[in-house]
Amino acid sequence: MSQSRFAAIILAAGSGTRMKSAMPKVMHPIAGQPMIAHLLQALEPLQPAATVVVIGPHMNDVVRRVAPAETVVQDPPLGTGDAVRTALRVLEDRIAPNGEIDEVLVLYGDTPLLRSETLAQLLAGQKKAPATILLAGMRPADPGPYGRLIPAADGGISRIVEAADATPEEYAVGLVWGGLMLVRACHIIELVDALDRNNAKSEFYLTGIVRLAADIGLQSRAIELPAEEMIGINTRAELAEAEALMQWRLRRAAMDAGVTLVAPETVYLSADTRLGRDVVVEPNVTFGPKVTVGEGARICSFSYFEGASIGAGASVGPFARLRPGAVLEDEVHVGNFVEVKAARLGAGAKANHLTYIGDAEVGARTNIGAGTITCNYDGFNKHRTTIGEDAFIGSNTALVAPVTVGDRAYVAAGSVVTRKVPADALTIARGQQVDKPGRASEIRARLRAKNS
Ligand code: UD1
Ligand code: CA
């Protein structure tokens, strides 16, 4: 059970018009996971008493992604204030004094770079000097479209003015709102209910509650938090900017944990990438979602991974592709132009060149020669290839699945294996070599005569 007494509301119902996308804005990925997942991850350690995500109609993928967080549909999207009002309908009964919720933390689904520590700082700020509304302020280099925090005589904030509605003096204010606020639960409903739509966009702006609070003598205050964590993503260019910031955060964390990134600016990580100590990553490597690498492994240039596990001391690439379900145990070597999918390579196994291993099991220390292909697909179904330990698969072998190769077997180069290879056997499954002495010169002479 959560000990905390705050509920989190995440707004994600906006149509994200400026993204020009068929996909909801909050589902656009940063470091391999949707923006909304980053926010939920940052919230998690703070254990909100409840989390409600406000979505638009037909956003089932968001519902699935945020579960078990509750979702509520706002339709039509009439603005951020209306979105919070929609969420409050499901929280109403849990608000003090009837319920356990004292504060409501409002987050915007398009600010995915917020860290837990920063959210905790806002919550702590409220404990230190309580205000009806505590706003996360920031001073970005370019305050551009953000809402301006207009100071009050008492040192607090008297109102937030949207950039589009600001006078030149208001527009010049450098302290802006980062899309994060903490509101005393006992006041939030009356404040949000009092909002109107008298503004440039004819929407219920959540930001309007600051002025409404001031009007009835309730105080709002701002604390300044890091601007680079509150970048709001409205366009693809801002998405790319956030991606770049997140990549540096992940790269720095990896290096701090003992990973060598030879050229960090060329390595792309996912939020869930796990790299062990003394892993070395050469330039130009992409880690898609769900990849783990064990201690001391070496990842050579131009490799691309997703859903893969790489064991300690393994060596992978250059130009290797590991797809979901690839499991390389310790000390495995996978070389250039090798693709592995849904396959386990046992400890010390090697596939050094030009190979496809899909839906397969490869035993420890087995050597897979250049050009080997597991023929796993017949146009309808996938079939498995199982290779034992200490086996040797000669170059350019086609293993037509389903098929098994026993421990210590030898498969001759150029074989097309369609039946079980017994353990310890030598299997040759290729056309026989026929030599016709002198025939080459005869042919050459004949062709020369014909062409002269
Ligand atoms: C908003 C703030 C601005 C602040 C900035 C911080 C308002 C009116 N303005 O501007 O002061 O500096 O964020 O990033 O709040 N949403 C809904 N339902 C709606 C409308 C929006 O759920 O009806 C959601 C959006 O999906 C989005 C979030 O609310 O996740 C913010 O909306 P957005 O349109 O991006 O607001 P900004 O113009 O960026
Ligand atoms: Ca925004």
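Because the structure is a prediction, the values reported are computed rather than measured. Note that ligands are numbered from 1 as they come in the structure, with each ligand's atoms numbered from 1 the same way.
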What angle, in degrees and rounded to 10°, do you get at the Ca ion (ligand 2) when you join it to OD1 of Asn234 and to OD2 of Asp110? 90°
Give a yes/no on ligand 1: does Thr207 have at least one heavy atom closer than 4.0 angstrom to it? yes
If you measure from each heavy atom of Met35 to ligand 1, is any distance below 4.0 Å?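 Contact absent.
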Check ligand 1 against [X] and write out every atom of the ligand that is under 4.0 Å from a heavy-atom position of the residue.
X      : answer
Lys25  : 35 (O)
Gly147 : 3 (C), 4 (C), 11 (O), 12 (O)
Pro77  : 19 (C), 23 (O)
Gly179 : 6 (C)
Ala12  : 22 (O), 26 (O)
Ala83  : 17 (C), 18 (N), 22 (O)
Gly79  : 18 (N), 19 (C), 20 (C), 23 (O)
Leu78  : 23 (O)

Before accepting this row, confirm whether a basic side-chain N of the pair [X]/[Y] lies closer than 4.0 Å to the acidic partner's carboxylate O.
X      : Y      : value
Lys25  : Asp110 : yes
Glu170 : Arg159 : yes
Asp82  : Arg85  : yes
Glu306 : Arg323 : no
Arg94  : Glu100 : yes

Euclidean distance, Thr366 OG1 relative to Leu345 CG, rounded to 0.5 Å: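 Taking CG in Leu345 and OG1 in Thr366, the distance rounds to 9.0 Å.
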I want to check a possible cation-pi pair here: Arg251 against Tyr268, using under 6.0 Å from ring centre and within 45° of the ring axis as the test.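 Relative to the ring axis of Tyr268, which defines the angle, Arg251 lies inside both limits.
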For the 3.5 Å polar cut-off, considering only N or O atoms, please tell me whether Tyr205 and ligand 1 meet it.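 No: no nitrogen or oxygen of Tyr205 is under 3.5 Å from one in ligand 1.
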Kindly determine whether Asp359 and Tyr377 satisfy side chain to side chain donor-acceptor pair (under 3.5 Å), including the steps that lead there. CA-CA 9 Å; Asp359 301 298; Tyr377 186 49; over 6 Å; no
Is the closest side-chain donor-acceptor distance between Glu117 and Gln121 under 3.5 Å?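 Their side chains do not contain a donor-acceptor pair, so the 3.5 Å distance test is not met.
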Determine, considering heavy atoms only, which of Met230, Glu162, Gln74 sits nearest to atom 7 (C) of ligand 1.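 Closest candidate by heavy-atom distance is Glu162.
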